[in-house]
**Student:** 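Structure in structure tokens, see below.
In what follows, residues are counted from 1 in the order of the sequence shown.
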Amino acid sequence: MAHDHKLEIFRGLLKFKSNTQKIWGVLIFLSIVTTVEVALGIIKPRFLTHSYFLGMKLLNWIFIILTLVKAYYIAWDFMHLRDEKTPLRRVIVWTPIFLVCYLIFILLFEADYIYNVYSDGFITWNF
């Protein structure tokens with residue numbers, strides 16, 4: 001059963017007249033987010049590279065958050081999740097977000113442990 005897709009983004013803030021215009025709007029949004037990521041990667045502002053939150057630089061947190069925003073938005077618009085029922089959307093969107101947060105948590109704890117073993121333990125930095 002075919003039905004029309006919604007021609008709006010940002011919860012109805014921007015409305016388009018055709019699918020082509022909507023695709024261009026989403027492309028522009030994703031391009032802006034990617035440009036911000038690339039610019040921050042090239043410039044590497046000192047206040048972001050020398051400030052830490054939960055054992056990781058703020059710049060890395062910004063990269064992770066912007067990547068999740070892009071992944072969410074790609075799934076939301078290009079995979080047409082907005083047109084699906086709420087339980088299916090939640091399963092598809094929240095499960096990977098939970099797993100990515102869990103992976104970040106594990107990586108931070110393991111990296112901190114290995115750093116402490118090398119800096120305080122009997123094993124030296126030999127590489």
**Student:** Spell out, yes or no, whether Val36 and Phe29 are grouped together once hydrophobic residues are joined by side-chain heavy atoms under 4.5 Å, including indirect joins.
**Tutor:**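 Yes, one cluster joins them.
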
**Student:** Are Trp61 and Val100 co-members of a hydrophobic cluster defined by side-chain heavy atoms under 4.5 Å apart?
**Tutor:**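 Same cluster.
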
**Student:** Taking C-beta and beyond as the side chain, do Leu108 and Asp112 meet within less than 4.5 Å on heavy atoms?
**Tutor:**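 Sidechains of Asp112 and Leu108: no contact.
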
**Student:** Supply the members, apart from Phe109, of the Ile/Leu/Val/Met/Phe/Trp/Tyr cluster built from side-chain contacts under 4.5 Å; use none for a lone residue.
**Tutor:**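 Traced through the cluster, Phe109 reaches Tyr102, Phe105, Ile106.
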
**Student:** My understanding is that only residues two or more places apart in sequence, or in another chain, count here; which of them pass ring pair (Phe, Tyr, Trp, His ring centres under 6.0 Å) with Phe63?
**Tutor:**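 Residues passing ring pair (Phe, Tyr, Trp, His ring centres under 6.0 Å) with Phe63: none at all.
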
**Student:** Once rounded to the nearest 0.5 Å, what's the spacing between atom NZ of Lys44 and atom NZ of Lys57?
**Tutor:**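 One gets 8.0 Å once the value is rounded to the nearest 0.5 Å.
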
**Student:** Can you name the closest pair of heavy atoms from Pro96 and Val91 and give their distance?
**Tutor:**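 Pro96 and Val91 have their closest heavy atoms at CD-O, 4.1 Å.
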
**Student:** Atom CG of Asn60 and atom CZ of Phe53: how far apart are they, to the nearest 0.5 Å?
**Tutor:**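 Nearest 0.5 Å value for the CG-CZ distance: 13.5 Å.
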
**Student:** Check step by step if side chain to side chain contact (heavy atoms under 4.5 Å, CB included) holds for Ile28 and Ile32.
**Tutor:** CA-CA 6 Å; Ile28 289 169; Ile32 290 170; 4.0 Å; yes

**Student:** Any link between Val26 and Ile74 through a network of hydrophobic side chains (Ile, Leu, Val, Met, Phe, Trp, Tyr) touching at under 4.5 Å?
**Tutor:**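 Cluster IDs for Val26 and Ile74 match.
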
**Student:** Distance from Tyr72 atom OH to Trp94 atom CH2, nearest 0.5 Å?
**Tutor:**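 Between Tyr72 OH and Trp94 CH2, I get 7.5 Å after rounding to 0.5 Å.
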
**Student:** Side chains of Arg89 and Thr86: donor-acceptor distance under 3.5 Å anywhere?
**Tutor:**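 Present: a donor and an acceptor within the cut-off.
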
**Student:** Does Ser51 use its side chain to pair, donor to acceptor, with the backbone of Leu48 at less than 3.5 Å?
**Tutor:**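 No, Ser51 side chain to Leu48 backbone: no donor-acceptor pair under 3.5 Å.
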
**Student:** Rounded to the nearest 0.5 Å, what's the gap from CD1 on Ile64 to CD1 on Ile104? Could you check?
**Tutor:**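 Ile64 atom CD1 to Ile104 atom CD1 measures 4.0 Å (nearest 0.5 Å).
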
**Student:** Rounded at 0.5 Å granularity, tell me how far CG in Leu30 sits from CG in Leu66.
**Tutor:**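 Separation between the atoms: 11.5 Å.
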
**Student:** With sequence neighbours excluded, what pairs up with Lys70 under the salt bridge (Lys or Arg N to Asp or Glu O under 4.0 Å) test?
**Tutor:**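 Here the qualifying residues are Glu37.
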
**Student:** Given the rule that I, L, V, M, F, W and Y join up when any side-chain heavy atoms are under 4.5 Å apart, are Ile62 and Leu68 in one cluster?
**Tutor:**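 They do share one cluster, since a chain of ILVMFWY contacts under 4.5 Å joins Ile62 to Leu68.
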
**Student:** Going through the distances and angles, do Leu58 and Tyr52 end up as a side chain to side chain contact (heavy atoms under 4.5 Å, CB included)?
**Tutor:** CA-CA 6 Å; Leu58 285 179; Tyr52 289 85; over 6 Å; no

**Student:** Report the distance from atom CG of Leu59 to atom CD1 of Ile43, rounding to the nearest 0.5 Å.
**Tutor:**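 Here the interatomic distance stands at 10.5 Å.
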
